[in-house]
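I have a structure here, written as structure tokens, and I will follow up with some questions on it.
What's counted below: heavy atoms across the whole structure, side chains too, no hydrogens, waters or symmetry copies. Lettering follows sequence order; numbering is per chain, from 1. From a predicted model like this one, the values you see are computed outputs, not experimental measurements.
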Protein chains: 2
Amino acid sequence: MSDSNDTPPIQQNVAVGYWGANENPKVNHIISHIRNIGYEFIVLPVSRSSFSRVLFESTPEDEETKQVFLRNMEEWRAGIPFSREELCLQSAESLEVAVGLTSPWIDLDSTDSRIRTNSEIALRQEFAWAIYLGIGTVMIHPPKSEFCNYARTVWSIINGTGHPSVWMQLPLTLDSDEPRKKETGSWEQWTKFRTLCSHDTRLGIALYITADLPSEKVLERWIAEPVRAVIIPTDIFLINAKGYPVLSKKHQSLVRSFLKLGVNFVIRDSKTDREENDSTVDIYMQYIRYMNRSGPELNEREKFATGYQDYLQSPLQPLMDNLEYSIYETFEKDRVKYILYEQAVHRALLDRVPSDSDEITVIVVAGAGRGPLVTRSLKAAEKANRKVRVYAVEKNPNAFVTLVNTISLQNMKAQVWDDNVTIAFSDIRRWNAPEKADILVSELLGSFGDNELSPECLDGAQKFLKPDGISIPSSYTAFIAPLSSAKLFAEAAMHRDWEMPYVVMFHACTQLASPKSVWTFEHPNRLLTVDEQGNPITNYHNVRYSKVTFDLAENGILHGFAGYFDCVLYKDIKMSIHPERHSTGMFSWFPIFFPLKEPIHLPRETCIEAHFWRLTSQSKVWYEWAVDCSISTIHENVPVNVSVIHNPNGRSYWIGC
Amino acid sequence: MSDSNDTPPIQQNVAVGYWGANENPKVNHIISHIRNIGYEFIVLPVSRSSFSRVLFESTPEDEETKQVFLRNMEEWRAGIPFSREELCLQSAESLEVAVGLTSPWIDLDSTDSRIRTNSEIALRQEFAWAIYLGIGTVMIHPPKSEFCNYARTVWSIINGTGHPSVWMQLPLTLDSDEPRKKETGSWEQWTKFRTLCSHDTRLGIALYITADLPSEKVLERWIAEPVRAVIIPTDIFLINAKGYPVLSKKHQSLVRSFLKLGVNFVIRDSKTDREENDSTVDIYMQYIRYMNRSGPELNEREKFATGYQDYLQSPLQPLMDNLEYSIYETFEKDRVKYILYEQAVHRALLDRVPSDSDEITVIVVAGAGRGPLVTRSLKAAEKANRKVRVYAVEKNPNAFVTLVNTISLQNMKAQVWDDNVTIAFSDIRRWNAPEKADILVSELLGSFGDNELSPECLDGAQKFLKPDGISIPSSYTAFIAPLSSAKLFAEAAMHRDWEMPYVVMFHACTQLASPKSVWTFEHPNRLLTVDEQGNPITNYHNVRYSKVTFDLAENGILHGFAGYFDCVLYKDIKMSIHPERHSTGMFSWFPIFFPLKEPIHLPRETCIEAHFWRLTSQSKVWYEWAVDCSISTIHENVPVNVSVIHNPNGRSYWIGC
């Protein structure tokens, strides 16, 4: 569960832009035309190709001319403004819809120091001009094979100017004969570039879709990156039977993935000689809009998740805080979950009491909230034709008020079957039970299973469970999977806390391997050692430690771990948020995310060894986590990287008990 | 140059301790005996082996006994204190000389969770007891093959307790048949352990010297680690002809290295049955003390460096700040440097003026300070039998006062040779020269050559140099080398600044490869483009960028880069702090250290690609640096790690000009 009271960000319709990267002098005219036909924005070069003169590439041979030439260069370097003819973006009119594009001839990693220096000055001048005009986004060119100085310059500009948003063009595939380089080369350049720039969140991607697409796995990686715009060149369109341009199935699927992420789209006309009033350019925009409208319908879970994608929430602390009405309201709507509980109670009653018996089964609902599990338990009893006496225990004084009303109604109906319900206002661990229970029903699980202290609560309730009593749930298991997501890393950076898990609906994320289990809790705990009052003497039996290894074939970047749970309610009645067997339609839990302080680069064939701890003191429970990566060569295991241990002593995050 | 006014830390004599790790009940007696025979401290176990009962290893079969057994365990876990019989260190008497030793049976990475949990409680109890007694240092046992949970527990204790100093025992070589594991396995365990513990500076090493020694290269690595104590077991001693115990030559050399580092020594008696008043144990202590006294005499440079080893200093900012009297005083003592300058001026005069000529050579000393280069220039002229007119220009008003006095004396003497000296109070870049110079002499170099803005100053002075004039120095080159040093990393951590270079005398450091050059400055700069006043129009010509690669055979950890310079004063008269050709006896410069924010693990056969920039704006000069590491496999270059770009825009460190 997570606190759904936070306001989620609002999803927008797709914004489609037009790539107007040409030297046409009538810029204002183009802008208004493009706007008229329905584009939201336009990409336009900041300056014209004539500005490339500032590279001062060829030095004259003759000594005197050379001196003049060098002096001209120095004077330009000292700060000569653009001439009007050199500028493409000129007046500030309509420029709120413009994205500035820097010049393609700028070469920051030339071996010639003069070209490097002048390129840097030119790039800064273009940025300065865009910022002066109030253009919020500047698009830059893809990195060349060497790009360290380019990365330094771009990061310096981002740090030093009025915080523009920078989109770096990156082709989806590289032009290379080596299949690996062609497929992943662009992503590798990107991941090095952004690491040099300290994962600065102002640096995003404008992904240039190529006709050739890489494998599904490589496409997935891009989903986990901060793609701000997708550039669609018109020459990747095919012509269908009716003569209209359409995208291939694979390209369509890719476009849909990015539409779901709410990124911008840019149509880049591959025909450079088209008349400006040629209406062909509308068709591509219309096509993208059509795809956005015609996406598959959202299922229940997707509807519930809308707006919460990649939105980090602090996990609930239901033991320390009292939940609000609206949270109960939201989660009670999850029919799938409550049907599973009803089935579990039903099966347990059938197993426990012979069909012809008059025996009354005592059911205790621990943490009854506003009463949904009471209702479901009574329904199960009715269906099973078994007599029950139900105790509903709740510690939240506010929920208790609603519970009293619910139960009054239930009791009136219950007369019919001799069943009755007693309510108690108490923390389950301190409840003075009037009789021992046959069945203890609870819904205390968090996204990671035990992270809302279900083990501690149920240990405390065990004293009033009969020796052969049943707990529903009877066990739950936590799972982790290595996760790549620049988006979640950036979100955690905004929270300035990498030492706590977050509840989050994964979206722009790539899971690098299937989840693996870390630990399990079983109830009742037959090995529990208790004091005279029946309470556990210590909580050390709820400490867990697990080392889990993941072998990766491909390279990647690790930002943290996804967490899930599997739960056995009763025998084969199971409930799960494990992505490979998620209970269909259940929406009560988003997964959990354990971030890493520093992203870790994973070469191919890395073995990730994840260490997870669940630790306790007298008053709190917390997690710690660390990761140790190595690659196996023929002879040995080569350590690649080891992280620090996160959240030592629960210093940044803990759950009070 | 560095600011020698900071007070350096004081070096201490060697402290030798005795390993009293036995179960002898008369602890106070042993302590006073050991102190009486001259040991400074003693290592003693916190508890006795009987305390190992708390592992509760074997559970009774019989159900009732089992319940009692488990209840006893839970009660101990809930917090039962030590019994008196379980403790070795008991009263606080004389305990200021004790180092506590934790129990060897503690096993934090057992596959049995009960042993893990109880081991953690036991270790915490031992630490708590040591802290209660006021024992400042606790020694812990070496890691086993798995140690993540051990690392977590130790770091948790360090973070949570009264900040004790922890010494982790580590054998110099591991007991293994694999040569590589035997040699470097222990270091690899350590480097992973301390990374998990976030490079916490409270965690140090007690290095256990084994009879087998690893190669010289592996020994060097340990020098770069935070070794707090060296444990010498007595069975590595040989018996010499006279029947006395002595160490092998190689062991002696190792001990000397650590004596230089000022670490503690611990004698561990390999005979466990020795009588406590057996005087043999004195011999080993005496031997270490003898080695400490009989080390080779310090040379001039070492004497000067005493107390400055691994002590980080901010580089001087001579252009922005005025140096103090004492700094001039210190650096003027460097005879080697001034002899080289005198030779350079002498050679330049011989080359420039025929022996029979009456021509007067104009020498300008830029930044004359208190006058040493004036004196040396006049001496050179006398030796060369050439006439000179000297201008001494100085911007520091305080040094100028001393300069006036020096020059008055010189002028009196100078009458003899017709030479004379004129002094001017001015920044050399703004000096109104009465005539053009033949020779411009300056000593503006920093540890990295150009880092005290010699290029900018000499560019500004070039306008009064004759077209064929000579600059002494005529060129200088900066060098970098990858450096491993937990000590320097820890020092930078204390300064909380990894984005600035530090001037430092390297000591506990390992240079991972030979230095390579990054860039060169030449004077006069024949390509300088100047304005009407003869001043450079911009400073872009002093921008530098260099990519340097280092191929490493062995694994290691990278903490930053060492910086040095080579300088050509005139033709073959050179001056250098490059470690492979350091000008003998010259002490004016310590090297410079460019730290990394995060240490980088280097697998074997890593290629380190270092990127260094020298950047300028109108008012300042700064460096930026980044590193990109990869390993070459058969098929491709596998990226291992890339750092962030350090000090973007000079945000943390810059030199004002």
Side-chain angles (χ1 to χ4, degrees), chain A residues 67 70-71 73-75 77-78 113 116-118 121 146 148-149 151-152 155-156 159-160 180-181 188 191-192 195-199 527 529 531 536-538 540-541 543-545 547 555 598 601 603-604 609 611 613 624 626 628 631 633 635-636 638-645 648-649 651, chain B residues 67 70-71 73-75 77-78 113 116-118 121 146 148-149 151-152 155-156 159-160 180-181 188 191-192 195-199 527 529 531 536-538 540-541 543-545 547 555 598 601 603-604 609 611 613 624 626 628 631 633 635-636 638-645 648-649 651:
Chain A
Q67 289 304 326
L70 290 178
R71 170 180 279 257
M73 179 173 86
E74 279 301 300
E75 276 167 359
R77 286 174 163 188
S113 69
R116 278 203 310 270
T117 297
N118 292 3
I121 298 168
E146 299 268 327
C148 266
N149 194 44
R152 180 194 61 76
W155 195 34
S156 159
N159 274 318
R180 178 170 303 279
K181 194 176 172 194
E188 278 161 21
T191 207
K192 188 164 140 183
T195 307
L196 286 164
C197 299
S198 193
H199 300 264
L527 289 170
T529 304
D531 63 13
I537 298 175
T538 74
Y540 284 112
H541 58 282
V543 165
R544 293 290 186 279
Y545 167 49
K547 180 180 87 174
N555 60 2
E598 298 282 334
H601 287 256
R604 285 198 304 129
E609 195 176 281
H611 295 260
W613 289 268
E624 299 188 19
D628 181 10
I631 48 175
T633 64
H635 302 298
E636 53 173 346
V638 180
V640 167
N641 219 324
V642 58
S643 79
V644 69
I645 292 165
N649 294 341
R651 67 178 174 193
Chain B
Q67 288 306 326
L70 290 178
R71 170 179 279 257
M73 179 175 85
E74 279 301 298
E75 277 168 358
R77 286 175 163 187
S113 68
R116 279 205 308 272
T117 297
N118 292 2
I121 299 169
E146 299 268 327
C148 265
N149 194 44
R152 180 194 59 78
W155 195 34
S156 159
N159 275 319
R180 180 170 302 278
K181 193 174 172 196
E188 279 161 18
T191 207
K192 188 164 139 184
T195 307
L196 286 165
C197 298
S198 193
H199 300 265
L527 290 170
T529 304
D531 63 13
I537 298 175
T538 75
Y540 285 112
H541 58 281
V543 164
R544 293 290 186 278
Y545 167 48
K547 181 179 86 172
N555 61 0
E598 298 282 335
H601 288 257
R604 286 196 304 128
E609 195 176 281
H611 296 260
W613 289 268
E624 299 188 19
D628 180 9
I631 48 176
T633 64
H635 303 295
E636 54 174 345
V638 179
V640 167
N641 220 324
V642 57
S643 79
V644 68
I645 292 165
N649 294 341
R651 68 177 174 193

Original post:
Of the backbone (N, CA, C, O) and the side chain (C-beta and beyond), which part of A78(A) lies under 4.5 Å from a heavy atom of chain B, both, or neither?
Top reply: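 Both parts, backbone and side chain.
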Original post:
Where does E624(A) contact chain B at under 4.5 Å (heavy atoms): side chain, backbone, both or neither?
Top reply: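 Side chain of E624(A) only, per the 4.5 Å heavy-atom cut-off to chain B.
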Original post:
Of all heavy-atom pairs between V644(B) and S198(A), which one has the smallest distance, and what is that distance?
Top reply: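 Closest heavy-atom pair between V644(B) and S198(A): CG2-CB, 3.1 Å.
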**OP:** Under 4.5 Å, counting heavy-atom pairs only, tell me which of H199(A), R71(A), H601(A) racks up the most with chain B.
**Re:**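 Among the listed options, the one with the most contacts to chain B is R71(A).
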Subject >> Heavy-atom side-chain contact between E146(A) and K547(B) under 4.5 Å >> reply: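 E146(A) vs K547(B): side chains touch.
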Subject >> Segment of R116(A) engaging chain B (4.5 angstrom heavy-atom cut-off) >> reply: side chain
**OP:** Check each atom of S113(A) against the heavy atoms of chain B and say whether the ones under 4.5 Å are side chain, backbone, both or neither.
**Re:**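 S113(A) has no heavy atom closer than 4.5 Å to chain B.
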Original post:
Which bit of N555(A) comes within less than 4.5 Å of chain B, counting heavy atoms only: side chain, backbone, both or neither?
Top reply: neither
**OP:** Work out which heavy atom in A151(B) is nearest to a heavy atom in C197(B); give both atom names and the distance.
**Re:**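 Scanning both residues completely, I find the closest heavy atoms to be O-SG, 3.6 Å.
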Subject >> Contact origin within R651(B) toward chain A - heavy atom pairs under 4.5 Å >> reply: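 It is the side chain, since no backbone atom gets that close.
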Original post:
Can you tell me how far CG of N641(B) sits from CD1 of I631(B), rounded to the nearest 0.5 angstrom?
Top reply: 11.5 Å
Original post:
Which residue out of H611(A), R77(A), E74(A), R152(A) racks up the most heavy-atom pairs below 4.5 Å with chain B?
Top reply: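 Among H611(A), R77(A), E74(A), R152(A), the one with the most close pairs to chain B is R152(A).
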Original post:
Do you know which two heavy atoms are closest between H541(A) and R544(A), and how far apart they sit?
Top reply: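 In terms of heavy atoms, the two residues are closest at O-NH1, 2.8 Å.
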**OP:** List for me each residue that meets salt bridge (charged side-chain N to carboxylate O under 4.0 Å, His left out) alongside E598(A), sequence neighbours excluded, and say none if there are none.
**Re:**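 None.
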Subject >> Proximal component of K181(A), with respect to chain B [non-hydrogen, under 4.5 Å] >> reply: neither
**OP:** Please report the shortest heavy-atom distance between C148(B) and I645(A), naming the atom on each side.
**Re:**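 Smallest interatomic distance, heavy atoms only, reads O-CD1, 4.3 Å.
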**OP:** Considering only heavy atoms and a distance below 4.5 Å, find which of T191(B), I121(B), L527(B) pairs most often with chain A.
**Re:** I121(B)
